Amino acid sequence: MSRHADPSTATQIRDNWLRVSQQVADACHNVGRSPTDVKIVGVAKYVDAALTAQLVEAGCSIIGENRPQLLWEKHDWFLQHQLPMPRWHLIGHFQRNKVRRSLPLLDLIESVDSLRLAEEISTEAVRIGRTIPILVDVNVSKDVTKTGMSVDLLINDAERIAELPNLNWCGLMAMSTLDADSVVVAKEFSSVRELRDRLQVKLGERVKLCELSMGMSGDFAQAIAAGSTIVRIGSSLWKSII
Ligand SMILES: *Cc1c(COP(=O)(O)O)cnc(C)c1O
């Protein structure tokens, strides 16, 4: 259970946000990258809308949710309370029957894990007359529980995904193997980057795969060293809250 939003949680969340932002900036400087090249997605699946709003208020402008229902509820809550909307990223498995209701609310779908889902999103995007940025979730980890497309399947389907109308395919998302040692994690992140480079060559002008969404609370520094442009941070931001 998380705490109720109140002035003390606001202070704690602000401290957490400043600490995480500093750690991400330090991780960038350590490998000679600019902090402006790495966006922080505040993963808010652990908390309710009021606490999510306190994170936005603290300065986190991109919120990641892994379940569409939570996204809908929180989006409604922000509207009702007339609060400035953050940008919303979907980072969890997206069922095709949730696409229609979710699409108008989303700024980036990070978790496209099949050609069929990409087709569904494309069809809906055409219907509402909007182009939606997506990342493909690729499974490079050894965890059987992880979602995401296998590397072989992605290479096989890449051209078809790249050709779908009203999709702006702009990169890859990945997770490292849970509790793996740091050498394994570094290798996994590098393999995602290499896969991206390979796909970019294969697909040429049709896509610009600039974004690599990798790195969570426990491994963002290694992800940044491997070229991550988006880190998805949850638990560190909710320290002493959940
Ligand atoms: C929960 C989650 C995160 C955040 O993980 P933490 O370890 O809490 O920072 C990142 N990405 C995805 C896809 C998640 O589901």
Side-chain angles (χ1 to χ4, degrees), residues 1-3 12-13 15-27 38-49 51-52 54-56 58 60-71 73-74 86-95 98 102 106-114 117 133-150 154 170-182 184-185 188-189 192 211-226 228-242:
M1 270 307 284
S2 55
R3 287 155 63 186
Q12 180 68 52
I13 290 170
D15 288 350
N16 290 349
W17 170 251
L18 293 175
R19 188 189 66 250
V20 167
S21 304
Q22 188 59 52
Q23 287 169 344
V24 168
D26 290 345
V38 178
K39 294 181 273 293
I40 302 173
V41 174
V43 175
K45 65 188 179 193
Y46 305 108
V47 300
D48 64 12
L51 288 167
T52 304
Q54 291 189 331
L55 180 61
V56 176
C60 179
S61 61
I62 313 176
I63 297 295
E65 291 292 343
N66 67 338
R67 289 180 43 230
Q69 287 94 333
L70 261 183
L71 165 75
E73 283 169 32
K74 290 187 184 179
R87 282 174 283 157
W88 299 98
H89 287 194
L90 190 72
I91 60 172
H93 177 63
F94 201 11
Q95 288 160 293
K98 306 268 165 46
S102 307
L106 285 166
D107 289 275
L108 176 63
I109 302 169
E110 299 202 17
S111 43
V112 174
D113 57 7
S114 70
L117 174 60
I134 63 150
L135 306 180
V136 172
D137 176 8
V138 62
N139 189 345
V140 294
S141 85
K142 301 198 167 38
D143 297 349
V144 281
T145 51
K146 291 250 157 67
T147 55
M149 284 177 93
S150 72
L154 174 54
C170 52
L172 302 177
M173 174 180 104
M175 272 190 249
S176 64
T177 302
L178 196 66
D179 297 327
D181 73 58
S182 63
V184 173
V185 170
E188 288 175 342
F189 287 145
V192 178
E211 305 286 356
L212 288 174
S213 175
M214 23 186 226
M216 319 201 304
S217 295
D219 58 15
F220 65 83
Q222 284 155 298
I224 288 169
S228 174
T229 62
I230 300 175
V231 290
R232 307 177 311 272
I233 312 274
S235 34
S236 295
L237 288 171
W238 307 112
K239 191 168 168 259
S240 309
I241 301 288
I242 53 170

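Note that ligands are numbered from 1 as they come in the structure, with each ligand's atoms numbered from 1 the same way. A quick note: this is a predicted structure, and the numbers were derived from the prediction, not measured. These numbers come from the heavy atoms of this one structure, side chains and all, not from hydrogens, waters or symmetry mates.
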Legend entry - Sub-3.5 Å N/O-N/O distance, Tyr46 and ligand 1: yes
Inset, instruction - With rounding to the nearest 0.5 Å, note down the distance linking NZ in Lys239 to CZ in Arg19. - result: 5.0 Å
Legend entry - Which segment of Lys45 sits under 4.0 Å of ligand 1 when only heavy atoms are counted: side chain
Inset, instruction - Mark up the atoms of ligand 1 that fall under 4.0 Å of a heavy atom belonging to Met175, in ascending order. - result: 13 (C)
Inset, instruction - Check whether any side-chain N or O of Asp107 sits under 3.5 Å from a backbone N or O of Trp88 as a donor-acceptor pair, and report yes or no. - result: yes
Inset, instruction - Applying side-chain contact (heavy atoms from CB on, under 4.5 Å) between Val185 and each of Leu178, Asp219, Asp179, report the one that passes. - result: Asp219
Inset, instruction - Please lay out, stage by stage, how Asp113 and Thr147 fare under the test side-chain hydrogen bond (donor to acceptor under 3.5 Å, both in side chains). - result: CA-CA 7 Å; Asp113 57 7; Thr147 55; 4.8 Å; no
Inset, instruction - Over all heavy atoms of both residues, which pair between Gly92 and Ser111 is shortest? Give the atoms and the distance, please. - result: O-OG, 2.7 Å
Legend entry - Enumerated ligand 1 atoms positioned under 4.0 Å from heavy atoms of Ser235: 6 (P), 7 (O), 8 (O), 9 (O)
Legend entry - Side chains of Glu188 and Thr177, donor plus acceptor under 3.5 Å: yes
Legend entry - Those atoms of ligand 1 less than 4.0 Å from some heavy atom in Ile233: 9 (O)
Legend entry - Identity and separation of the nearest protein heavy atom to atom 11 (N) of ligand 1: Arg232 NE, 2.9 Å
Legend entry - atom 10 (C) of ligand 1: nearest protein contact (heavy atom, Å): Met216 SD, 3.2 Å
Inset, instruction - Tell me which protein heavy atom sits closest to atom 9 (O) of ligand 1, plus the residue, atom name and distance to 0.1 Å. - result: Ser217 OG, 2.5 Å
Legend entry - Proximity of Ile91 to ligand 1 by residue part, where a heavy atom lies under 4.0 Å: both
Inset, instruction - Sequence neighbours left out, what passes salt bridge (charged side-chain N to carboxylate O under 4.0 Å, His left out) with Lys39? Give chain and number order. - result: Glu211
